[in-house]
Amino acid sequence: SSDLYFEKIDDNPIIYKFDEVEVLCKPLPMNDRIIRLDNIKRGDIPKYIFAGIIPTDSLNGDEMKSSTNFACHNVEELNLTLNGNSVNGYPISVESCSDTNVLYQFNETLGRLHNNGCGHGLKKAHFQSNFIWAHCFEAQTTSNGWIEMEVKLKTAFATSHTMVVWIISEVSFSIDKFHTVEQNNY
């Protein structure tokens, strides 16, 4: 019963685990083929990072445009670095906006690759409008640092685009019998 669960607070704090999501919108410069996004995240390393490129006017409340239509947008290569070094699986090259490598990394990050318990992953046809770069930070040699991205384009943007970045960290907080609350990263 729930009464027994809460009675254990006399011996140990009760711990609540949850995912904390931080969403960043980084404007991308026009007329540059190589774009560096410095210091996307500094401090504790998150569990996951996802990123997608979208025309900026799609994020400004235009009813005729989708705010979730992330596409390749002529990306030739994307490199994700931690403390100046490429993370496992990156850089990822894109040839002729083929999403195979990016889709593979996306499914691997979500644990859908070779997972019999998973019904199915995102189909290649649907990924074209859900072109999301993904990475799971596991087995890192450090627990903190800085995350950066470098995007190489086939042709520079002629219109304004934004990189939307989702940073997901596993967090917990505990409550003890004296009603002291502490937040922890795990």
Side-chain angles (χ1 to χ4, degrees), residues 18-82 86-113 115 118-137 146-171:
F18 60 97
D19 290 336
E20 182 176 75
V21 179
E22 182 179 356
V23 180
L24 307 172
C25 293
K26 299 279 191 177
L28 301 177
M30 294 187 291
N31 304 319
D32 287 338
R33 281 197 55 244
I34 298 175
I35 300 169
R36 290 192 50 80
L37 299 170
D38 298 325
N39 292 320
I40 290 174
K41 170 91 170 119
R42 180 173 224 118
D44 292 335
I45 303 304
K47 179 71 173 172
Y48 301 100
I49 189 166
F50 299 93
I53 298 174
I54 193 164
T56 301
D57 57 357
S58 294
L59 297 174
N60 293 331
D62 187 333
E63 291 179 12
M64 302 307 290
K65 299 187 181 208
S66 172
S67 62
T68 58
N69 187 10
F70 296 95
C72 177
H73 296 290
N74 290 318
V75 172
E76 195 170 72
E77 181 181 276
L78 187 132
N79 193 16
L80 179 63
T81 62
L82 174 61
S86 297
V87 297
N88 188 32
Y90 282 85
I92 295 179
S93 296
V94 180
E95 304 214 8
S96 303
C97 273
S98 170
D99 57 9
T100 304
N101 295 335
V102 182
L103 178 58
Y104 179 89
Q105 183 73 19
F106 181 80
N107 282 324
E108 183 177 59
T109 298
L110 294 178
R112 292 180 173 265
L113 226 77
N115 184 347
C118 176
H120 60 79
L122 197 58
K123 291 183 174 39
K124 196 166 168 46
H126 293 120
F127 196 72
Q128 289 296 320
S129 59
N130 294 286
F131 205 93
I132 305 286
W133 304 85
H135 183 69
C136 176
F137 292 94
W146 72 93
I147 298 170
E148 298 177 327
M149 282 186 199
E150 182 177 90
V151 181
K152 293 180 182 175
L153 303 171
K154 290 181 182 115
T155 57
F157 292 129
T159 60
S160 180
H161 284 71
T162 299
M163 173 79 77
V164 179
V165 180
W166 298 267
I167 299 168
I168 300 166
S169 302
E170 293 178 323
V171 183

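Sequence positions, counted from 1, serve as the residue numbers for this chain.
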What distance do [X] atom [atom1] and [Y] atom [atom2] have between them, rounded to the nearest 0.5 Å?
| X | Y | atom1 | atom2 | value |
| --- | --- | --- | --- | --- |
| Ile147 | Ile49 | CD1 | CD1 | 5.0 Å |
| Ile35 | Phe157 | CD1 | CZ | 5.0 Å |
| Asn69 | Phe131 | CG | CZ | 12.0 Å |
| Ser169 | Asp44 | OG | CG | 7.5 Å |
| Leu82 | Ile45 | CG | CD1 | 4.5 Å |
| Met163 | Leu78 | CE | CG | 5.5 Å |

For [X] against [Y], the heavy-atom pair lying closest together:
| X | Y | value |
| --- | --- | --- |
| Val171 | Glu20 | CG2-CB, 3.7 Å |
| Thr159 | Met30 | C-SD, 3.3 Å |
| Pro91 | Asn79 | N-OD1, 3.4 Å |

Please examine the side chains of [Y] and [X], heavy atoms only from C-beta on, and report whether any two atoms are closer than 4.5 Å.
| X | Y | result |
| --- | --- | --- |
| Val75 | Ile53 | yes |
| Leu59 | Val164 | yes |
| Leu28 | Leu37 | yes |
| Ile92 | Gln105 | yes |
| Thr162 | Pro55 | no |
| Glu95 | Glu76 | no |
| Ile34 | Glu77 | no |
| Phe50 | Ile132 | yes |

Quiz item: Among all residues two or more places apart in sequence or in another chain, which pass the side chain to side chain donor-acceptor pair (under 3.5 Å) test with Ser58?
Solution: none
Hey, does the side chain of [X] reach the backbone of [Y] with a donor-acceptor pair shorter than 3.5 angstrom?
| X | Y | answer |
| --- | --- | --- |
| Asp19 | Ile168 | no |
| Arg33 | Leu153 | yes |
| Ser66 | Thr68 | yes |

Exercise. With side chain to side chain contact (heavy atoms under 4.5 Å, CB included) as the test, would you mind laying out the steps for Val94 and Cys72 before giving the verdict?
Key: CA-CA 9 Å; Val94 180; Cys72 177; 3.9 Å; yes
Self-check item: Lys/Arg-Asp/Glu bridge criterion (N-O < 4.0 Å) met for Arg36, Glu150
Solution: yes
Quiz prompt | Full working for side chain to side chain contact (heavy atoms under 4.5 Å, CB included) between Val165 and Val23 | solution = CA-CA 6 Å; Val165 180; Val23 180; over 6 Å; no
Quiz item: Between Glu22 and Lys41, does a side chain to side chain contact (heavy atoms under 4.5 Å, CB included) hold up when you go through it step by step?
Solution: CA-CA 10 Å; Glu22 182 179 356; Lys41 170 91 170 119; 4.1 Å; yes
Quiz item: How about Lys47: does its NZ atom have over 12 heavy atoms from other parts shown lying under 6.0 Å from it?
Solution: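 Count over threshold, so yes.
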Quiz item: In this structure, are over 12 heavy atoms from other groups packed under 6.0 Å from Asn88 atom CG?
Solution: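 12 or below, so no.
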Practice problem: With side chain to side chain contact (heavy atoms under 4.5 Å, CB included) as the test, would you mind laying out the steps for Ile167 and Ile40 before giving the verdict? | Solution: CA-CA 9 Å; Ile167 299 168; Ile40 290 174; 4.1 Å; yes
Practice problem: Using the six-membered ring wherever Trp is involved, compare the ring planes of His135 and Phe137 and label them parallel, tilted or perpendicular (cut-offs 30° and 60°). | Solution: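 Ring orientation, 0 to 90° scale: perpendicular.
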Quiz item: Tyr48 and Trp133: aromatic ring centres closer than 6.0 Å?
Solution: no
